[in-house]
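Residue numbers start from 1 in every chain, and the chains themselves are labelled A, B, ... in the order their sequence lines are given, proteins ahead of strands.
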Amino acid sequence: MHQQDPDEIPLSELLGNSGESVPRVVSVARQGGFGAPSIQVAKKSSSAALSEDELPLALLIGTERKKECSRRKGKVEPCRKAPKRKCERMKAEKHRKAKKLQATSTKHRAEDESIKWCSLEHNGVLFPPEYEPHGRPLLYDGCEIALPPEAEEVATFYASKLGTVYLEKETFRKNFFDDFRKTLPVDLRKRIVKLEHCDFSRIREYLDELKERKQSMPPSKRKELREAEAQRVAHYTVAIVDGRKEKVANYRVEPPGLFLGRGDHPLMGRVKRRIFPEDVTLNLGRDAPIPPCPFKGHDWGSIVHNQRVTWLACWRDPISDEYKYVWLSASSHFKAMSDQEKFEKAQQLSKHITKIRNEYTKGLESADRHTQQRSVALYLIDKLALRVGNEKGEDEADTVGCCSLRVEHITLQEPNIVQLDFLGKDSMRYFNRVRVEALVFHRLREFLKGKRVSDNVFDELKVEELNDYLKSLMPGLSAKVFRTYNASYTLDKLLHSVKTPGPDIHSRLLFYNEANKDVAVLCNHQRSLPKTHSLMLERLRDKLEESRAYLEALKMARGKAQASPDSRAQVTRWRRPVVEIPEDCSLAERKRIREEAEKRPKEKQVVNMGLASITRGIAQTQEKIRRLEADLKTRDSLATVSLSTSKINYLDPRITVAWCKRHEVPIERIFPRALQEKFMWSMGVSEDFRFPISNVVSNDPSGAST
DNA sequence: TGATTTGACTCAGAAAACTAGCT
DNA sequence: CAGCTAGTTTTCTGAGTCAAATC
C-alpha cells in the first residue's frame, strides 16, 4: 500500500484520538448467503483506501467471490489525497517485485501456501485506553498555553522523553515538532514556531506525580490492581486453533506515541498515531463468531479467513506502513513446528556443509567476478556468521549486512587480516579482525580497488541471487541457516569438549554460560552496559580489597594466638562506618545519604578473637575472595554480551537438554519458564544427542575472532 | 509484498545481599 | 561471637514490547 507523505495528512487523521475527528468505516457489508463464505469488504477510511490490486494478499487468496462483491459494490476508492511521488514510486516498485516473485519463487510459495489451520477462534485485539486529558499547560515563552486534547497528548509524549538521549538528537526534535505543530489549531500554530521556546515541564510534573503515586502504592493494592487487570485482559489472551487452546503473544494493539527507532533513524520523533478498529483486519475461521468491536460507532476494518497464514490480526504500522501482526505465543503449535523445522534445516546443512565449503572455495578461483563475489560473501556468512544484508530504503537507518557492506567498512591488513567495522541490525556495531584465506584476502583487495568509500564491496551480487544459489545447493537453504547451524554446532562442540564441567551445579552453570557466551560473541549479540555497571565493579573491587586485607590481618593474628597462652589475639579490620538513616525520609533522600556515606573514610575496628574463630575466619574469607574474584571476572566479560538472544533463536534446545541430562543440571536453571514451554518439544531428547557434526575440520567459526 | 523470525531495551518483580536486633 | 530472623536495599531476571531483520 502507499505511504502518505506526512505533509498531506490532514491533522485530524494524523492524531485521530478523540472520537470526532476520526475517519471511520461507515458500514460494513456482510456478504454471504448460501454456503458462501462470509466475507466482509469494508469501506476504508481514506488513509486506508485500497485499490483492488493493492489489497493484501490475504484478502485475495481463494476468494473469487470476494472480487466479485467488491466489484459489484464498486467500492474501490481512489486515494482521496493522492500522495504524489512516494505513492507512485512505491507502486512501480511493487509491480516490479510482484513480477519477480511470480517468476522466481513458485516453489517457495507452494510450500508457504499450505493450509495452516482448519478452525480458528479468538476474541480480537485489545486497544489501549482512550486518552484522558490532564489540562496541564505548555509554556511558550513563559506563557501558559492550554492545549486541545490532541495536541496535549502529543506534547505529553514528548514530556515523557525529557531527560533522555532522544532529545539530544536534532532529527528527533525536528520530526516531533513538525508533527506536533500539525496537531495545533491554526492560531496556536502561528504562535508556536520554535521548539526551543516550548517548556514541557508542567506536563512533566504531572507525569512525575503519576509515577510517584503509582510507586507509593502499597503492595497489596498493587497486587489487587494487577489481578483486576489480568482478569480484564484474560479474554484476549487465548485463541482456539483446531480445537486447541493456545496463548496469544501480542494481543495488545500498539499504543500511540513517538516513534523511537534504533540508531540514526530518519523518522525518529514522528508521531505514531493511534490504531482504530477500522485499521485492523481479523483472521478467523469461517464458522467462528466475529468478536464484537470494542468501540461504539466503530467497526473492524475487515474480516478474513486466510488459512494459509498463522496470524490472528493485522494492521499497518503508521510509521513504516508495514504490516504488524498478532501472533500466537512461542509455545504454540505453529511456532513450535517452525522452530523444529528450523533446526531440522540447520542439521540438514551439516550434511551439505563440506560440499558447500568446497564449492565456494572453488568459486574463489573463478575468473568470473560475480562468482568470486558470491563465494567471498558466502565465506564471510559462513565463517563470521554475518547476516545476509538486504538493501534498505531511505526512510530507514543506515545499517548493513554482508551483501550491503561498503568499502568504508573493510580495512585490509597484509598479509591476510580483514578488519570489519560496521553498524549491523539495530545499529549494533560489528567490529572484528580476522585472519582469512589468502585467496579471500586477495579477492577482497580486488573488490575494493578503484572504488570510493561509499561504494558497495559486492557490487555485482544481489541478495536474491545469493539465496537462489543457496537453494540450488540444498533445498530451503538461505543465508540465515548458516547462523543457526554455526551457533548450534559451536555450542554442541563446546559442551562436549569437557567430560566433567565442574564439581557442583554452580560451576557447571558457569561452564555452560561460557559456551553460550562464545556463541553470543560469534553472533555479535550485544547489550548495553547497565547504567551502574562501573560503579558495581568498583564496589566489588573494594570488597575484594577489604577481604584481602582482612585475610592478612587474620593470618597475622593466627600466629599471635598460637603463641599466646590464652590462644587469643587482636584482629584489626577496616570498615566504613555505619550510617544512620532517618526513618521518615523519602527514597531519593535515603539514596543520597547512602552515597554520601560511601565516600567517608574507613574506620578501624579491633576485635579480640579466639584461635578457633580465627581459623574459621580465614577459611571463610578465602572462600569469599575466590567468589569475588570469579564474580568480577565473569561480570566483566559478560557485561556487554547478551546470552538470551542465541538461547531463544539459534541454539537447538536439544543440545542443552541433553547436556543437562548428562550432568544432572535441572533444565530450569538454564531455560526459564517461558523457554521451557517454547522448547517443550525438545525435552524428551536422549542424553547422547549430538548436533550433527560435519567431517570438515577447517573453518571453525568459534575460532574466527582474533 | 506479506509473513515470519530475530533483536535490544524497559521495567516490574524476584532473588540475593546486607543489616540490625536478638539469642 | 556466631547464627538466626526479619526487614530493607540492591541487583538480576525475564516477560513484554516493538523495531528491524530475512526471505
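A cation-pi arrangement is absent between A:Arg252 and A:Tyr236, since the terminal nitrogen or guanidinium carbon is not both under 6.0 Å from the aromatic centre and inside a 45° cone about the axis. Annotation: cation-pi geometry satisfied between A:Arg374 and A:Tyr469 (NZ/CZ under 6.0 angstrom from ring centroid, within 45° of ring axis).
Rounded to whole angstrom, the span from the CD atom of A:Glu322 across to the P atom of B:dT6 amounts to 18 Å. Across the protein-nucleic acid pair, A:Ile670 atom CD1 and C:dG14 atom P stand 12 Å apart, rounded to whole Å. If you take CZ of A:Phe334 and C1' of B:dT5, they are 16 Å apart, rounded to a whole angstrom. Straight-line distance from the CZ atom of A:Phe259 to the P atom of C:dT17: 18 Å, rounded to whole Å. Straight-line distance from the CG atom of A:Asn250 to the C1' atom of B:dT10: 17 Å, rounded to whole Å. Between the CG atom of A:Asp321 and the C1' atom of B:dT1 there is a distance of 11 Å, rounded to whole Å. Taking atom CD1 of A:Ile319 as the reference point, atom C1' of C:dA19 lies 12 Å away to the nearest angstrom. Here the C1' atom of nucleotide C:dA19 and the CG atom of A:Asp398 are 17 Å apart, to the nearest Å.
A:Ser644 comes within 4.0 angstrom of nothing in the nucleic acid, heavy atoms only. Within 4.0 Å of A:Lys223, counting heavy atoms only, lies no atom of the nucleic acid at all. Counting non-hydrogen atoms under 4.0 angstrom, A:Ala397 reaches nothing in the nucleic acid. At a threshold of 4.0 angstrom between heavy atoms, the contacts of A:Gln526 are confined to the sugar-phosphate backbone, with no base atom among them. Across all strands shown, A:Arg262 has heavy atoms under 4.0 Å from base atoms, whether or not it also approaches the sugar-phosphate. Looking at heavy-atom distances under 4.0 Å, A:Gly610 makes no contact with the nucleic acid at all. In this structure, A:Asn390 reaches the bases: a heavy-atom distance under 4.0 Å links it to at least one base atom across the strands shown. Residue contacts shown for A:Thr532 are absent, as no nucleic acid heavy atom lies under 4.0 Å away. A:Asn524 comes within contact range of the sugar-phosphate backbone alone, with a heavy-atom separation under 4.0 Å but no base atom that close. Residue A:Lys425 is classed as a base contact, given a heavy-atom separation below 4.0 Å to a base.
Between A:His409 and A:Tyr430, the distance from one ring center to the other does not fall under 6.0 angstrom.
Checking A:Tyr166 against A:Ser646, the closest nucleotide of DNA chain B that is more toward the 5' end is the one next to A:Ser646. Between A:Arg387 and A:Asp317, the one whose closest nucleotide on DNA chain C sits nearer the 5' end is A:Asp317. Positionally, the nearest nucleotide of DNA chain B for A:Lys324 lies more toward the 5' end than for the other of A:Lys324 and A:Arg226. Between A:Asn467 and A:Pro672, the residue anchored closer to the 5' end of DNA chain C is A:Pro672, taking for each the nucleotide with the nearest heavy atom.
Under 4.0 angstrom from either OP1 or OP2 of B:dT5 there lies no side-chain N or O belonging to A:Lys342. Listed pair A:Thr310 / B:dT4 meets the phosphate criterion, a side-chain N or O lying under 4.0 Å from OP1 or OP2. Side-chain N/O atoms of A:Lys480 include one lying less than 4.0 angstrom from OP1 or OP2 on B:dT6. Using a 4.0 Å cut-off, some side-chain N or O of A:His525 falls inside it from OP1 or OP2 of B:dG7. Between A:Thr399 and C:dA21 there is a side-chain N or O to OP1 or OP2 distance below 4.0 Å. Between C:dT22 and A:Ser478, no contact under 4.0 Å exists linking OP1 or OP2 to a side-chain N or O. One finds no side-chain N or O of A:Tyr325 lying less than 4.0 angstrom from the OP1 or OP2 phosphate oxygen of B:dT5.
Taking the side chain of A:Glu254 as heavy atoms from C-beta on, and the options B:dA8, C:dC18, B:dT4, the nearest nucleotide is C:dC18. The side chain of A:Asp426 sits closest to B:dG7 out of B:dA3, C:dC23, B:dG7. Of all nucleotides listed (B:dG2, C:dA15, B:dG7), B:dG7 comes nearest to the side chain of A:Arg483. The side chain of A:Asn649 lies closest to B:dT6 when the candidates are B:dC9, B:dA3, B:dT6. When distances are taken from the side chain of A:Arg222 to each of B:dG2, B:dG13, B:dT4, the shortest belongs to B:dG13.
No more than 12 heavy-atom neighbours from other residues, nucleotides or ligands sit within 6.0 angstrom of NE2 on A:His506.
Across A:Asp279 and A:Trp315, no two heavy atoms sit closer than the pair O-CB, 3.3 Å.
Taking the six-membered ring where tryptophan is involved, the planes of A:Phe671 and A:Phe679 are tilted, since the angle between them lies from 30° to 60°. Taking the six-membered ring for Trp and thresholds of 30 and 60 degrees, A:Trp311 and A:Tyr325 have ring planes inclined between 30 and 60 degrees apart.
A donor-acceptor pair is defined here as one N or O able to donate and one able to accept, closer than 3.5 Å; such a pair exists between the side chain of A:Asn175 and the backbone of A:Pro266.
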